[in-house]
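Throughout, residue positions are numbered sequentially from 1 according to the sequence presented.
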Amino acid sequence: MLLSFLPSFTILFICAALSLAATFLIFRKRLNNFSKKVIVISTLISLVSVVSNTFCMLALKRTSGSNTAFIVQLSIVITPVIMAVLEKKSPSAKTVLLALSAMLGIYLITCAGKGLNINAGDVFALCNAIFFSLFIALQNKFSQVVNPIQFTFIQHSTNLVMFFVLALVFESGGITFTNMLSPLFFLLIGLNAMVTVFTSLFQSSAIKYVRPESATILYAFEPVTTALLGAVILGEHFTGIASVIGCVVILLTVIISALRLPGFNPGKKFKLRPSSNSRI
């Protein structure tokens, strides 16, 4: 909806600016004690996300939405490969099967009956999937080092600078300020900024407790929720029985994945252990 008002990188720049401001206002009392190590790690990880988003925008301009939607979700099968390399061990058979099941569901939603014609834009979409997978893997690897709130603040700061540069490079002269005077624009950009703040915060917080492979399988539910929201908000509708079957396949895959996430045991009892210098 926002693309009807402004070019893509300009929208991302404005959202980054608003998200940074919102993060500061909400969490300003907890934005302190930034170490050099935290700043460097968070900035480098954030740059990986910027590259991923840039490839996604370039793909959308050169290929169909259905191709992009399917190819970017290849992160579901790319992430286990990256984690296997980082940890020097093979992904479990269950992870592989769930990843393939999720990919089947996404294919049914986006491409069944429409075909998948590979072009230059699809290569950009694949690059997006690779860098997003790397972003999730790096977040998990350094989740015990970087505070989620500090990471969110640094990520939005990095996005602010990088998307401003990208907007200047790719969208020079593409901004019409009269389009920004609409009340609908202010509503949409405000909602987008708030969603961006909490999406980043939730992701950087949760990745401490969920394996990246499982996280990307859970993200496969995104096309389903997008389709439902599109139907409710924009009046869109499912195109054939294949899309409905795809949603069901993804829902079952996510449920099975969430039942036994690696490292998560809902029946396990945790005990609080006092530190050595505390008194009871």
Excluding sequence neighbours, so at least two apart, what forms side chain to side chain donor-acceptor pair (under 3.5 Å) with Ser157?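 Checked Ser157 against side chain to side chain donor-acceptor pair (under 3.5 Å); zero matches.
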Might you work through the side chain to side chain contact (heavy atoms under 4.5 Å, CB included) test for Leu31 and Ile149, ending with a clear yes or no? CA-CA 7 Å; Leu31 292 172; Ile149 293 176; 3.7 Å; yes
According to the side-chain hydrogen bond (donor to acceptor under 3.5 Å, both in side chains) rule, which pairs have a member within residues 34-47, sequence neighbours left out?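 For residues 34-47: none.
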Inter- and intrachain pairs under side-chain hydrogen bond (donor to acceptor under 3.5 Å, both in side chains), touching residues 123-135, at least two apart: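 Listed by first then second residue: Ser52-Asn128, Thr79-Ser133.
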Stepwise, does the side chain to side chain contact (heavy atoms under 4.5 Å, CB included) test hold for Ile154 with Phe34? CA-CA 10 Å; Ile154 294 174; Phe34 284 87; 3.8 Å; yes
Distance check, rounded to the nearest 0.5 Å: [X] atom [atom1] versus [Y] atom [atom2]?
X: Thr54; Y: Phe124; atom1: OG1; atom2: CZ; answer: 11.0 Å
X: Ile14; Y: Ile189; atom1: CD1; atom2: CD1; answer: 5.0 Å
X: Leu12; Y: Phe164; atom1: CG; atom2: CZ; answer: 14.5 Å
X: Phe132; Y: Cys127; atom1: CZ; atom2: SG; answer: 15.5 Å
X: Phe135; Y: Ile82; atom1: CZ; atom2: CD1; answer: 12.5 Å
X: Phe186; Y: Leu18; atom1: CZ; atom2: CG; answer: 10.0 Å

Would you say that [X] contacts [Y] through its side chain, given a criterion of any heavy-atom pair below 4.5 Å between the two side chains?
X: Leu126; Y: Phe55; value: no
X: Val51; Y: Leu47; value: no
X: Met162; Y: Phe13; value: no
X: Ser49; Y: Asn53; value: yes
X: Ile41; Y: Phe151; value: no

Using only atom types and a distance under 3.5 Å, with no angle test, would you say the side chain of [X] pairs donor to acceptor with the backbone of [Y]?
X: Thr196; Y: Asn192; answer: yes
X: Ser19; Y: Ala193; answer: yes
X: Gln150; Y: Asn32; answer: yes

State, to 0.1 Å, how close Met57 and Ser8 come at their nearest heavy-atom pair, and which atoms those are.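 So the minimum-distance heavy-atom pair works out to SD-CB, 3.3 Å.
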Specify the closest pair of heavy atoms between Ala59 and Ala125, including all atoms of both residues, with the distance to one decimal.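 Reported closest heavy-atom pair: CB-N, 3.6 Å.
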State plainly whether one hydrophobic cluster holds both Val195 and Ile11, where clusters connect Ile, Leu, Val, Met, Phe, Trp and Tyr through side-chain heavy atoms under 4.5 angstrom apart.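 They do not share one cluster, since no chain of ILVMFWY contacts under 4.5 Å joins Val195 to Ile11.
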Look at the side-chain heavy atoms of Ile, Leu, Val, Met, Phe, Trp and Tyr, link any pair under 4.5 Å apart, and say whether Phe9 and Val161 land in one connected group.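 Hydrophobic grouping puts Phe9 apart from Val161.
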Taking it one step at a time, do Phe27 and Phe153 satisfy ring-ring contact (aromatic ring centres under 6.0 Å, His included)? CA-CA 9 Å; Phe27 302 108; Phe153 182 81; over 10 Å; no
Evaluate the criterion side chain to side chain contact (heavy atoms under 4.5 Å, CB included) for residue pair Met194 and Ile26; output intermediate values, then yes/no. CA-CA 11 Å; Met194 293 305 297; Ile26 297 172; 4.3 Å; yes
Count the heavy atoms of every other residue, nucleotide or ligand shown that sit under 6.0 Å from CZ of Phe24, and state whether that count exceeds 12.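 No - once you tally the heavy atoms of other residues, nucleotides and ligands closer than 6.0 Å, there are 12 at most.
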